[in-house]
Amino acid sequence: MPAVVVVGAQWGDEGKGKVVDLYARYADLIVRYAGGANAGHTLVVKGEKLVLHLLPSGILHEGKRCLIASGTVIDPAVLLEEIDAVEARGVNTHDRVFLADRAHVVLPLHPILDGIREQGTGALGTTRRGIGPCYEDKVARRGVRIGDLLRPETLRARVSALYHHHAPFLAAAGVTAPDLEQTLSTMLRMGERLAPRIVDGTPLVSEALTAKQNVLLEGAQGALLDVDHGTYPFVTSSHAAAGGASVGAGIGPTRIDSVVGIAKAYATRVGDGPFPTELFGDEGDALRTAGAEFGATTGRPRRCGFFDAVALRRAAQVSGLDLIAVTKLDVLSGLPRLRICVAYEVEGERRDAEPYDGLGDVTPIYEDLPGFEGDLSSARRVEDLPTNARRYLARLEELVGVAIGPVSVGADREATADLADPFDLQ
Ligand code: GDP
Ligand code: IMO
Ligand code: MG
């Protein structure tokens, strides 16, 4: 009963979409376990780009089933738009895309609340997709769930209570609340369209595992954006780390076999929060341009910096990584020197393992390796890579203490070295 988790090992946008699309050929069921339309997972197949926010990244593999599980928050309008967009590309989604009835609904009110908060002093640089406010309502036990879209009376009771709850905050901010009746009619209409796909998520995943099918659990965001284990408060509001896969998919941790972490060959972050290896000025701009580092969801320029092995060690602990897939190695081609942050200096002392939050001033301690040149995109085995690229990977592996598996050398599905079946890891 192999279940494999694919999780971001940095601050999101590591290339999870690409890796999940690659691994989907080995899977029977692909499950998105956390987050919402704050995610933007990019797939490039034969030069054609597809950005997914809610649909699992196995969607292009026709015979495979996809579940958006209970741990997610779903904006039905975004989901329907996404389903229509992939259908228009000739991808059948009927009888293969399912939603867990326990996933929470992102209502029109949620992005409004997110936007108001982002104008205040506590701004975090969120995606403004309503993710934080929706998870808050969930935990406060006043949320609306996907299954409620099929029960008009329950929906009315829940949405009106929720709107009533938030009314004073909106009024104080001088913002007009969305119209309740309009919200209800839109939600019911969308619920009707989604009805054939709404299922009880746990038996779907559990029975697939019992039938010895391969289940790929797709994370969103990254371990360092996890609400418990990330750089709090500059985090998202869900369990983005691998532990979230068990809760989010509704299966016990005993049923998960291995965890693959995705890490860029350098580091990026969108939104605010600590980022010790961040590069500013020309160096940062050069990396941003070379890596096309602009958000897949918001289009914001991503902050760019050197690979942070301290951060990766932390992510490896938090998510129990068995293997790391390194992406975007090609982006570093042509740099005269490759820098890796191996430790931090904090108040004059060297620290090899230190979480970011609450640290104050952190100075990265760097190690430099010689750079490499040339177009890597045709490498299909790590041994095809230039010697210095292999030395860089070997050093990352050593510093993080986790084996490196596939290495991505271009955005396209094909541009991958050492791809192997992750269900064979155990
Ligand atoms: P995700 O959120 O983790 O799925 O990552 P995103 O899709 O937000 O961002 C990763 C970006 O890098 C996308 O534009 C991908 O097409 C691109 N990408 C993925 N792997 C590679 C790679 O190996 N090389 C290059 N140059 N681009 C890549
Ligand atoms: P994928 O799945 C990168 C960041 C936001 C912000 C913080 C909180 O594509 O890797 P939120 O809207 O979740 O309340 O924002 O988290 N963030 C992401 N950064 N990739 C993502 O998703 C992200 N999802 C949220 O920029 O800093
Ligand atoms: Mg992304």
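One is the number of the first residue; the rest follow in order along the sequence. Numbering of ligands and ligand atoms starts at 1, following listing order.
Closest to atom 7 (O) of ligand 1 among all protein heavy atoms lies T42 OG1, 2.6 Å.
At a 4.0 Å cut-off, at least one heavy atom of R302 sits close enough to ligand 1 to count as contact. Heavy atoms of G12 come nearer than 4.0 angstrom to ligand 1 in no pair at all. Remark: distances from the non-hydrogen atoms of G8 to ligand 1 are all 4.0 Å or more.
When non-hydrogen atoms are compared, ligand 2 lies under 4.0 Å from the backbone of V235 (N, CA, C, O) but not from its side chain. Contacts between K328 and ligand 1 below 4.0 angstrom, taking non-hydrogen atoms only, involve backbone and side chain alike. If you look at R269 next to ligand 2, there are no close heavy atoms at all, none under 4.0 Å. Contacts between D13 and ligand 2, counted as non-hydrogen atom pairs separated by less than 4.0 Å, involve both the backbone and the side chain. With a heavy-atom cut-off of 4.0 Å, F234 does not touch ligand 2 at all.
E14 places no side-chain N or O within donor-acceptor distance of the main-chain N or O of G222, the cut-off being under 3.5 Å.
Salt-bridge check for K18 with D21: failed, with every basic side-chain N at 4.0 Å or more from each acidic carboxylate O.
For G40, the nearest N, O or S atom to the Mg ion (ligand 3) falls under 2.8 Å.
When all heavy atoms of P370 and L338 are compared, the closest pair comes out as O-CD1, 3.6 Å.
Checked against the 6.0 Å centroid threshold, F372 and Y392 do not count as a close aromatic pair.
Where the criterion is an N or O separation shorter than 3.5 Å, residue side chain and backbone included, D114 fails it with respect to ligand 2.
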